[in-house]
**Q** 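Here you go, one structure.
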Amino acid sequence: MTPLAAALVDWYRGNARDLPWRAQGFGAWGVLVSEFMLQQTPVNRVIPLLEAWLVTWPTPTALAAASPAEAVQRWANLGYPRRALWLHRAAVEIRDRHDGVVPRDVDALLALTGIGDYTARAVAVFAYGDRHPVVDTNTRRVLARAVDGRSQPGPPARSDLDRMAAILPEDRAAAATVNAAAMELGAVVCTARTPRCDLCPVRELCAWRAAGYPDTGDTRRRQARYEGSDRQARGAVLAVLRDAAPEGVPVDAVIADWPDAAQRDRAIGTLLADGLAETTPDGLLRLPA
DNA sequence: CAATCGTGGGA
DNA sequence: TTCCCAAGATT
């Protein structure tokens, strides 16, 4: 094992957080749902909703039997509600193409709606114990600092997978631990802002530290302002639909007092196009039944 | 490939 | 207050 991998594993054994999806027997479906919810949403906000979700829909087939509306409604305020729609579609695909069993093969996972390079490998590794590189933003930051001596990672690249694969031990279980440990270190120690290098288990072999913590100028694209954005308008529309009766709300009554009428119409239009809302013959707007 | 897509908490 | 950022995926 490389020194970096060995140090990560040693640290992880004594410092891993006790997260629900790490429990023995949590199941591939639970892992898959957790990974969908964790896409861009913080751990602490995911946990309670994940547990409620799995009580209602303990299997892919159970979720597939529900309506998309129920899925989007139960997604509540996790954000990026398209993920709820995609998770529901993935459940239907699992029922129809995989006999209701979450696939283990990475290519089969990649073929499911809403699953990309990260989530496919996360499920194969953390749910099934197979040996693949799992690379998320935490891992990319750890590699950028410890190996490249940079202050922040560059843009995501397919080569990230090869770089991670290069430090994985041969043993499957050990490889899975290295994957989890790199993510965990990035999440709790090697954080984007104010990293806690004083208690970092790999500081002695960290290239960024050796270089004196230079600011290497890796600047990520700034997120667009949320206040006044189309996303805010979409969020407001969807919040109304989530809280409304299933039959829906008169289209003209939805956020009727929105400051920008054109933006309001645009928000409803794109939500319809995305399949996150639909209209009824009698002019109601509702979640997709 | 760069833009888009929610929501909330902390610096 | 404002800005940053959080286990990404899709088009």
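Residue numbering restarts at 1 for every chain, and letters A, B, ... go by the order of the sequence lines.
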**Q** Taking 4.0 angstrom as the limit, do A:Asp18 and A:Arg22 come out as a salt bridge?
**A** no

**Q** Nearest whole angstrom, please: distance from the C1' of C:dT11 to the CG of A:Leu85.
**A** 16 Å

**Q** Check whether any side-chain N or O of A:Arg150 sits under 3.5 Å from a backbone N or O of A:Ala146 as a donor-acceptor pair, and report yes or no.
**A** no

**Q** Base, sugar-phosphate, or nothing: which does A:Thr194 touch, judged by heavy atoms less than 4.0 Å apart?
**A** nothing

**Q** Reckon A:Trp21 touches a base, only the sugar-phosphate, or nothing at all at heavy-atom distances under 4.0 Å?
**A** base

**Q** Less than 4.5 Å apart, side chain to side chain, heavy atoms only: is that true for A:Leu38 and A:Val43?
**A** yes

**Q** On DNA chain C, check which nucleotide each of A:Ile115 and A:Glu35 is closest to and give me the residue with the more 5' one.
**A** A:Glu35

**Q** A:Arg22 near the nucleic acid: base, sugar-phosphate alone, or nothing, with a heavy-atom cut-off under 4.0 Å?
**A** base

**Q** In whole angstrom, what separates A:Met37's CE from C:dA9's C1'?
**A** 17 Å

**Q** Could you list, one pair per line, each protein nitrogen or oxygen that sits under 3.5 Å from a nitrogen or oxygen of nucleotides 1-3 of chain C, together with the distance?
**A**
from, atom 1, to, atom 2, distance (Å)
C:dC3, OP2, A:Arg225, NH1, 3.3

**Q** Students often get this wrong, so: under 4.0 angstrom with heavy atoms, is A:Ala122 touching a base, only sugar-phosphate, or nothing?
**A** nothing

**Q** What integer distance in Å separates A:Ile47:CD1 from C:dA6:C1'?
**A** 14 Å

**Q** Could you go step by step and tell me if A:Glu184 and A:Asn15 meet the side-chain hydrogen bond (donor to acceptor under 3.5 Å, both in side chains) rule?
**A** CA-CA 9 Å; A:Glu184 186 76 350; A:Asn15 293 278; over 6 Å; no

**Q** Between A:Arg141 and A:Asp148 (salt bridge meaning N to carboxylate O under 4.0 Å), is one present in this structure?
**A** no

**Q** Would you find a donor on one side and an acceptor on the other, under 3.5 Å apart, between the side chain of A:Asp215 and the backbone of A:Gly217?
**A** yes

**Q** Would you please confirm or rule out a distance under 4.0 Å between OP1 or OP2 of B:dG9 and any side-chain N or O of A:Asn44?
**A** no

**Q** In whole Å, what is the span from the CG atom of A:Leu38 to the C1' atom of C:dC5?
**A** 15 Å

**Q** Is it true that A:Asp117 and A:Arg158 have a side-chain N and a carboxylate O under 4.0 angstrom from each other?
**A** yes

**Q** Send over the distance from A:Glu227 CD to C:dC4 C1', rounded to a whole Å.
**A** 16 Å

**Q** Could you tell me if A:Arg74 sits above the aromatic ring of A:Trp57, with its cationic atom closer than 6.0 Å to the ring centre and no more than 45 degrees from the axis?
**A** yes

**Q** With P as the reference atom in both, quote the distance from B:dA3 to C:dA7 in angstrom, rounded to an integer.
**A** 23 Å

**Q** Taking A:Gln40 for the side chain and A:Tyr80 for the main chain, is one N or O donor matched with an acceptor at less than 3.5 Å?
**A** no

**Q** Expressed in angstrom and rounded to an integer, what is the separation of A:His132 atom NE2 from C:dA7 atom P?
**A** 22 Å

**Q** How many Å lie between CG on A:Asn138 and P on C:dG8, as a whole number?
**A** 7 Å

**Q** Can you check nucleotides 2-6 of chain B for protein contacts, nitrogen or oxygen pairs under 3.5 Å, and list what you find?
**A**
from, atom 1, to, atom 2, distance (Å)
B:dA3, OP2, A:Arg221, NE, 3.0
B:dA3, OP2, A:Arg221, NH1, 2.6
B:dA3, OP2, A:Arg221, NH2, 3.3
B:dC5, O4', A:Arg82, NH2, 2.8
B:dC5, O3', A:Arg234, NH2, 3.4
B:dC5, O2, A:Arg82, NH2, 3.3
B:dC5, N3, A:Tyr80, OH, 3.4
B:dG6, OP2, A:Arg234, NE, 2.4
B:dG6, OP2, A:Arg234, NH2, 3.3
B:dG6, O4', A:Tyr80, N, 2.9
B:dG6, N7, A:Arg231, NH2, 2.4
B:dG6, O6, A:Tyr80, OH, 3.0
B:dG6, N1, A:Gln40, O, 3.3
B:dG6, N2, A:Gln40, O, 3.2
B:dG6, N2, A:Thr41, OG1, 3.0
B:dG6, N2, A:Leu78, O, 3.2

**Q** Using whole Å, what does the distance between atom P of nucleotide C:dA9 and atom CG of A:Asp136 come to?
**A** 10 Å

**Q** Could you measure between the two C1' atoms, the one in B:dC1 and the one in C:dA9, and give it in whole Å?
**A** 14 Å

**Q** If you compare all heavy atoms of A:Ile94 against all heavy atoms of A:Pro60, which two are closest, and at what distance to 0.1 Å?
**A** CG2-CB, 3.8 Å

